[in-house]
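See structure below.
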Amino acid sequence: MQRHLGGYQEAAAATGTYGIMASDREDFSLSGPLHLAIVDWTNAHHRRSVAASLVQGVYILERDRQLKRQGPQALASPWWEFFHFHLLRHLVDDVDSSIFAAIYEFKPPKSHYHNSVDESPRYVIAFRGTITKPESVSRDLQLDLHILRNGLHETSRFEIAIQAVRNVVATVGESNVWLAGHSLGAAMALLAGKTMAKTGFFLQAFLFNSPFFSAPIERIKDERVKHGLRIANSVITAGLAFATKKSYHNNQSVDPFAALSAWIPFLFVNPGDHLCSEYIGYLEHRKKMDDIGIGAIERLATQNSLGGLLMSAMGRESEPLHLIPSANLIVNLTPCQDFREAHGIHQWWRPDLDIKSKLYNYK
C-alpha cells in the first residue's frame with residue numbers, strides 16, 4: 001500500500017516545487033478514500049465511495065487542464081487508478097473546451113478476481129459539477145440556468161454526453177455501464193439515465209447532490225406547516241396539469257410516469273444542501289398523500305412542476321428533469337459545518353457517515 005501511494009505523494013510534492021500549490025482536496029493521498037485498498041463491490045459504501053471518487057477524478061482532470069499540470073505534476077489519475085480503472089477517454093464541451101466527463105474502464109488485476117467483482121461495472125461514465133474558475137465558470141453557470149429553465153436537454157453538452165452513453169451501451173450492454181455525477185454533473189447523469197430508460201435501457205446511476213429547484217419547503221422546521229404547504233402545492237399543480245391536459249392527454253389511462261418507474265437511481269442528498277434537499281420531501285410526500293386518501297392527486301402532481309406548467313402555457317415545451325418516479329434515496333445525516341461541506345462530493349466516501357436509506361418505487 002505504501003509503495004502504491006508513494007507516486008501520488010511525490011506528485012503532490014512536485015506540484016509544490018513547480019509553484020502550483022494544489023488544494024489538499026485535489027490530492028488523493030490527502031483526501032481520497034485510502035481505506036478502500038480492496039473494494040467489495042457487494043458493499044453499498046464501497047460502491048458509493050468509488051463512484052464519488054471517479055466523479056472527483058473528472059473535476060481534477062479539468063483542474064489539471066486549467067493549471068497546465070502534466071506528467072508527475074498532474075493530480076487526477078490516482079482518483080481512478082487506485083480502484084483499478086483506466087481512463088478510456090474524456091468528454092470535452094464544444095463551447096469552452098473544458099473537460100466535463102470521463103469514461104472509465106474497470107481493469108482489475110487477476111489477483112483481485114473474486115465473487116464481489118461480479119457486481120462491478122465494466123465502464124463508468126462520470127460527470128463533474130460546476131467549477132467556479134474563470135476557464136469554466138461562465139459555461140457551467142449557463143448550464144445551471146438551463147437546469148432551472150428545464151432546458152438542459154437542449155444543450156450541446158448534453159448532446160455530446162448522451163451520444164457517448166449510447167455508444168458505450170451499444171458496445172457493451174446496459175448491465176455493464178454505470179452513470180455517476182455530482183451537482184450539475186448529477187443533473188447530466190440523471191437526464192442521460194432518464195433518456196436511456198425511455199428506450200428500455202436501465203443504467204445503474206449514482207447521483208450526488210442532484211439539483212432540485214423549488215420553494216425551500218424542506219427547510220421549514222414545523223412538520224404540520226411543511227405538510228400543509230406540500231398538500232397545497234400538490235393540489236394547485238395537479239389542477240393546472242389537469243386543466244392543461246399536460247399529463248393525461250384526453251384522459252388517457254396510461255400513466256406516462258409508469259414507463260420510467262423501473263429505473264431506480266441511487267440519489268444521494270444532504271439535508272443541509274438546499275440545492276438537493278427538496279428530494280426528501282418530494283419523494284416522502286407521495287406516501288403521506290396515499291395515507292390520507294388523496295394519492296391520485298399526488299400521482300398527477302408529482303409528474304409536473306409549477307414552473308414547467310407555466311412554461312408550457314407560454315408555448316415552450318418543458319420537462320423538469322428532477323421529477324423522477326422511483327429512487328433509492330440515501331440521506332447523509334452527519335452534521336455539516338456549512339453549505340460547502342453539505343454540497344461537496346468529498347462527504348460521500350467518508351467511512352463514518354450517518355446514513356438513512358429508503359426505496360421509493362412509483363406505483
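We count residues from 1, following the sequence as given.
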Arg65 and Glu135 ion-paired at < 4.0 Å
no
Asp140 with Lys133: basic N within carboxylate O range, under 4.0 Å
no
For [X] and [Y], which I'm curious about, is there any donor-acceptor pair between the side chains at under 3.5 Å?
{"X": "Asp96", "Y": "Ser138", "answer": "no"}
{"X": "Glu159", "Y": "Gln163", "answer": "no"}
{"X": "Asp354", "Y": "Thr334", "answer": "no"}
{"X": "Arg139", "Y": "Gln142", "answer": "yes"}
{"X": "Glu26", "Y": "Tyr59", "answer": "no"}
{"X": "Ser98", "Y": "Arg128", "answer": "yes"}
{"X": "Gln66", "Y": "Ser136", "answer": "yes"}

Using atom types as modelled and distance alone, determine if a side-chain donor or acceptor of Ser326 lies under 3.5 Å from a backbone N or O of Ile264.
no
Okay, side chain of Ser277, backbone of Gly272: is any donor-acceptor separation there less than 3.5 Å?
no
Given Tyr104, Phe85, Phe28, the one that forms ring pair (Phe, Tyr, Trp, His ring centres under 6.0 Å) with Trp79:
Phe28
Are the side chains of Phe202 and Pro265 in contact, using a 4.5 Å heavy-atom criterion?
no
With side chains defined as the heavy atoms from C-beta onward, is the minimum distance between Leu329 and Glu284 less than 4.5 Å?
no
I'd like to know whether Leu283 forms a side chain to side chain contact (heavy atoms under 4.5 Å, CB included) with Lys358, so could you lay out the CA-CA distance, the side-chain angles of the two residues, the decisive distance to 0.1 Å, and finally the verdict.
CA-CA 10 Å; Leu283 292 167; Lys358 188 170 182 178; over 6 Å; no
Would Val165 and Thr195 count as a side chain to side chain contact (heavy atoms under 4.5 Å, CB included) here? Give the steps.
CA-CA 10 Å; Val165 172; Thr195 302; over 6 Å; no
Going through the checks in order, is the side chain to side chain contact (heavy atoms under 4.5 Å, CB included) test met by His343 and His182?
CA-CA 9 Å; His343 187 69; His182 173 249; 4.2 Å; yes
